[in-house]
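These numbers come from a predicted model, not from an experiment.
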Amino acid sequence: MTYRTVLVGTDGSTSSFRAVSAAASLAAATRATLVLTCAYLPMRESSRAAAADTLGDLAYKVSGSTPADDALRAAREHAVAAGATDIVLAAEEGDAVDVLVKMADRHRADLLVVGNRGLNSLAGRLLGSVPSNVSHRASCDVLIVHTTSGR
């Protein structure tokens, strides 16, 4: 099977960049489009006001989709370094699992890639982790990349 569109989730963390690099290598090998996706939640007004007081003119850096856009730009650098050439960036407001599944459908992804963070944690076992929930809800293949020790 050849993948035409590979979608990978990132939150800007080091472990998510490992998943990005793996997805980018696979996309490069199959000449697939790589969709880098980052979910974000809106900041509460009280938090936004506190950030504005603390950061002044730089408050825009922690509001709206700016942190997600920053994570996507950093992820793009990892993807390019891993060989991907056809890259799409997509920030979307919402819960990580909901956004990843929705974006995979929207972009007609053949493969959705996520890191394993949370799979072996107590919270992940009790509440469900992003990789576990994505694997149950996605309508395409899912690759869970070993990005953390899982402890």
Side-chain angles (χ1 to χ4, degrees), residues 1-45 47-48 51 60-151:
M1 172 174 202
T2 300
Y3 294 114
R4 294 178 310 277
T5 304
V6 176
L7 185 136
V8 60
T10 183
D11 60 7
S13 66
T14 301
S15 66
S16 76
F17 291 151
R18 289 185 193 110
V20 167
S21 293
S25 294
L26 184 58
T30 61
R31 297 186 182 130
T33 298
L34 178 66
V35 180
L36 301 173
T37 301
C38 185
Y40 66 93
L41 295 172
M43 187 181 279
R44 284 186 244 136
E45 189 53 43
S47 298
R48 189 183 336 269
Y60 73 92
K61 291 190 173 221
V62 296
S63 65
S65 65
T66 299
D69 293 335
D70 291 345
L72 288 171
R73 279 191 290 279
R76 181 186 190 97
E77 291 177 17
H78 289 269
V80 168
T85 56
D86 184 6
I87 303 170
V88 175
L89 306 181
E92 181 88 9
E93 184 178 317
D95 171 74
V97 173
D98 293 338
V99 167
L100 290 171
V101 170
K102 178 170 49 171
M103 296 303 276
D105 288 342
R106 182 180 298 164
H107 290 275
R108 294 186 176 105
D110 307 297
L111 178 67
L112 197 162
V113 179
V114 292
N116 71 322
R117 190 168 68 177
L119 269 180
N120 295 323
S121 69
L122 177 59
R125 287 192 297 272
L126 294 175
L127 303 173
S129 64
V130 169
S132 177
N133 290 336
V134 163
S135 71
H136 287 96
R137 292 184 44 200
S139 58
C140 61
D141 290 351
V142 175
L143 173 63
I144 300 173
V145 178
H146 187 78
T147 60
T148 66
S149 66
R151 294 185 187 133

Stepwise side chain to side chain contact (heavy atoms under 4.5 Å, CB included) check, Val113 with Val6: CA-CA 7 Å; Val113 179; Val6 176; 3.8 Å; yes
Could you go through Arg4 and Thr33, starting from their C-alpha distance and side-chain angles, then the distance that decides it, and tell me whether this counts as side chain to side chain contact (heavy atoms under 4.5 Å, CB included)? CA-CA 6 Å; Arg4 294 178 310 277; Thr33 298; over 6 Å; no
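Counting heavy atoms from C-beta outward, Val35 and Met103 have side chains that stay 4.5 Å or more apart. Between Arg137 and Asp98, the closest side-chain pair of non-hydrogen atoms falls below 4.5 Å.
Shortest non-hydrogen contact noted between Val114 and Val142 is CG2-CG1, 4.5 Å. Closest approach of Leu112 and Leu100 over heavy atoms only: CD1-O, 3.6 Å. Across Asp110 and Cys140, no two heavy atoms sit closer than the pair O-CB, 3.6 Å. Considering every non-hydrogen atom in both Ala23 and Val8, the closest pair reads CB-CB, 3.7 Å. Annotation for Tyr3 and Thr30: closest pair O-OG1, 3.4 Å, computed over non-hydrogen atoms. Nearest approach of Ala138 to Val101, heavy atoms of both residues: N-CG2, 4.2 Å.
Note: Thr2 OG1 to Leu111 CG = 12.0 Å, rounded to the nearest 0.5 Å. Atom CD in Glu92 sits 4.0 Å away from atom NZ in Lys102 (nearest 0.5 Å). Rounding to the nearest 0.5 angstrom, the gap separating the OG1 atom in Thr10 from the CG atom in Leu89 is 10.5 Å. The structure places CD of Glu77 at 12.0 Å from CG of Leu72, a figure rounded to the nearest 0.5 Å. Here Phe17 contributes atom CZ and Leu36 contributes atom CG; the two are 9.5 Å apart, rounded to the nearest 0.5 Å. Rounding to the nearest 0.5 angstrom, the gap separating the CG atom in Leu34 from the OG1 atom in Thr5 is 9.5 Å.
A salt bridge is defined here as a Lys NZ or Arg NE, NH1 or NH2 lying under 4.0 Å from an Asp or Glu carboxylate O, and Asp86 with Arg31 fails to meet this definition. We find that Asp70 and Arg73 are joined by a salt bridge, their nearest charged nitrogen and carboxylate oxygen being less than 4.0 Å apart.
One N or O on the side chain of Asn116 and one on the backbone of Thr147 form a donor-acceptor pair closer than 3.5 Å. With hydrogens and angles disregarded, a donor-acceptor distance shorter than 3.5 Å links the side chain of Ser16 to the backbone of Ser13.
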